[in-house]
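Below you'll find the structure, written out as structure tokens, and then a few comments.
Counting starts at 1 for both ligands and their atoms, following the listed order. Hydrogens, waters and symmetry mates play no part in the numbers below; they use all other heavy atoms, side chains included. Starting from 1, each residue takes its place in the sequence as its number.
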Amino acid sequence: CQTGEVAADPQLYDQSYLSPVTIGNSELMLDFDTGSADLWCFSTESPAVQSAGHGLYNPSTGTELDGAFWDITYGDQSAASGNVFADKVVVGGVTATKQAIEAATSVSYEFTEDVASDGLLGLAFSSINTILPQPQTTFFDTVRNTLAKAVFTVDLKKGAAGSYTFGYIDSSKYSGAITYVPVNTANGFWQFTADGYSGGGNNASTGRGGVAIADTGTSLLYLPASVAKGYYSGVQGASFDFRQGGYTLPCSATPPDFNVAIGGKTFTVPGSYINYAPLRAGSSTCFGGIQADSGIGFSIFGDVFLKAVYAIFDDSGSSPKLGFAAQ
Ligand SMILES: O=C(NNC1=NCCC1)c1ccc(Br)cc1
């Protein structure tokens, strides 16, 4: 029965978190993403102009999955594509002897520019894996029957290293009880329903919750437009800046805490997490950590929320469930 733990190292402004993964005989830094289901990495097959500065997977240690290819586009419109190999993957001591490795032969500029990241490790449901003609399993699905318990946990932190665990829940990582809610897997995401929100200008709690996904691959917290608008109405100097594509606020502001009710329990995102980052280095205007989820279809509980809680992604029962506890 395998269990393991791996660090989640924050990148600048906690834009993403990277974890070491051994693939074949190279160690790469991957962005663990509960919002997608492909494990891909830069490889010796990637064009040098795209892979410069990145760690590379050398498929010579693997077995090519003949005729298989993949092509993914993320919510932020970043994209990657390539071909497929089977190889050994080790994450925090948990070993998948034959994991589908998606070697990139083309990536969009967002990935080329992010030289700290060598690829992504998807932790959504394998139903949305993009490999054709036959989708393959995520790392978690590949190893889940060998885990002590079919769960993984997410403990992200603001500006500090957090961790992912596989196969067990670490009681030292949270306080109080874990609140579990059911997951709807129809869209392939860890999708749940939030009961309601309060804090900021909408302290008169907007009782209406809504459908949301838990997504470690998204940096911010995307909420119904009315909730985001209400929150910032209580923040001096905050406004919706259509040129920046979202709410901005003075970097000198300490916004109010924001509360989310899930499963009848309230979880608080400290206001400081919502003064996210300067628009550009040295700017005194910052981008808000809460933004409107307009046009997406549901809310996205990205890193701004996840770094305020301990999250349990549990597929050990008859149907998947999400657990949240105070950190
Ligand atoms: O792509 C998504 N999450 N992961 C990543 N984003 C950027 C790189 C990785 C994503 C998933 C579902 C929804 Br709804 C919106 C966004």
Side-chain angles (χ1 to χ4, degrees), residues 8-19 21 28-42 50 54 70-82 102 104 106-131 135 138-140 152 154 156 162 164 183-194 209-225 227-228 245-246 260 276-277 287 289-307 311 313 320 322:
D9 296 330
Q11 300 310 295
L12 185 64
Y13 305 122
D14 300 344
Q15 181 265 339
S16 64
Y17 294 79
L18 300 179
S19 298
V21 177
L28 301 177
M29 294 302 284
L30 302 185
D31 177 0
F32 286 19
D33 178 20
T34 60
S36 67
D38 286 46
L39 194 174
W40 72 263
C41 47
F42 283 93
Q50 291 185 6
H54 293 273
W70 60 282
D71 188 337
I72 192 165
T73 301
Y74 295 100
D76 63 0
Q77 301 314 304
S78 60
S81 60
E102 302 174 39
S106 178
V107 305
S108 62
Y109 74 90
E110 294 89 346
F111 294 114
T112 296
E113 280 174 4
D114 185 2
V115 290
S117 170
D118 302 324
L120 271 74
L121 187 145
L123 291 169
F125 293 92
S126 300
S127 58
I128 57 172
N129 175 266
T130 74
I131 295 172
T138 64
F139 170 76
F140 176 62
F152 64 91
V154 177
L156 301 180
Y164 290 90
V183 164
N184 174 346
T185 64
N187 296 307
F189 302 123
W190 291 88
Q191 183 179 315
F192 65 102
T193 298
V211 177
I213 68 164
D215 182 8
T216 55
T218 290
S219 311
L220 308 182
L221 173 53
Y222 294 85
L223 298 169
V227 175
V260 183
Y276 177 66
F287 203 65
I290 286 174
Q291 295 296 336
D293 65 13
S294 312
I296 296 176
F298 18 69
S299 297
I300 307 179
F301 280 40
D303 302 335
V304 160
F305 173 78
L306 291 170
K307 57 186 155 180
F313 293 68
L322 266 171

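When all heavy atoms of Asp303 and Leu156 are compared, the closest pair comes out as OD1-CD1, 3.5 Å.
Below 4.0 Å from some heavy atom of Phe298 lie the following atoms of ligand 1, by number and element: 14 (Br). Atoms of ligand 1 lying under 4.0 Å from any heavy atom of Ile296, numbered from 1 in the order shown and given with element: 14 (Br). Short contacts between ligand 1 and Leu120, defined as distances under 4.0 Å to a heavy atom of the residue, involve ligand atoms 9 (C). Listed by atom number, the atoms of ligand 1 under 4.0 Å from Gly35 heavy atoms are 11 (C). The atoms of ligand 1 that sit less than 4.0 Å from any heavy atom of Asp76 are 7 (C). Using a 4.0 Å cut-off to heavy atoms of Thr218, the atoms of ligand 1 that qualify are 3 (N), 16 (C). Heavy-atom proximity to Asp215, at under 4.0 Å, picks out these atoms of ligand 1: 2 (C), 3 (N), 4 (N), 10 (C), 11 (C), 16 (C). If you number the atoms of ligand 1 from 1 as listed, the ones under 4.0 Å from a heavy atom of Phe189 come out as 11 (C), 12 (C).
Side-chain polar atoms of Ser299 and Asp293 form a donor-acceptor pair below 3.5 angstrom.
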Do Asp76 and Ser78 pass the side chain to side chain donor-acceptor pair (under 3.5 Å) test, and can you show the C-alpha distance, the side-chain angles, and the key distance before you say yes or no? CA-CA 6 Å; Asp76 63 0; Ser78 60; 2.6 Å; yes
For Asp114 and Ser117, what are the C-alpha separation, side-chain angles and deciding distance, and is it a side chain to side chain donor-acceptor pair (under 3.5 Å)? CA-CA 6 Å; Asp114 185 2; Ser117 170; 4.5 Å; no
Show your reasoning for whether side-chain contact (heavy atoms from CB on, under 4.5 Å) applies to Phe301 and Thr218. CA-CA 8 Å; Phe301 280 40; Thr218 290; over 6 Å; no
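In this structure, Tyr164 contributes its side chain and Ala8 its backbone to no donor-acceptor pair below 3.5 Å. Between the side chain of Gln291 and the backbone N or O of Gly289, no donor-acceptor pair lies under 3.5 Å.
Atom 6 (N) of ligand 1 has Gly217 O, 3.4 Å as its closest protein atom, hydrogens excluded (heavy atom only). In terms of protein heavy-atom proximity, atom 1 (O) of ligand 1 is closest to Gly75 N, 2.9 Å. Of the protein's heavy atoms, Asp33 OD2, 3.4 Å lies nearest to atom 9 (C) of ligand 1. Counting protein heavy atoms only, atom 15 (C) of ligand 1 is closest to Ile300 CD1, 3.4 Å.
Between His54 and Phe42, the angle of the ring planes stays under 30°, which puts this pair in the parallel group of the 30/60° scheme. Between Phe152 and Phe140, the angle of the ring planes goes over 60°, which puts this pair in the perpendicular group of the 30/60° scheme.
Under 4.0 angstrom from ligand 1, the non-hydrogen atoms of Ile213 all belong to its side chain.
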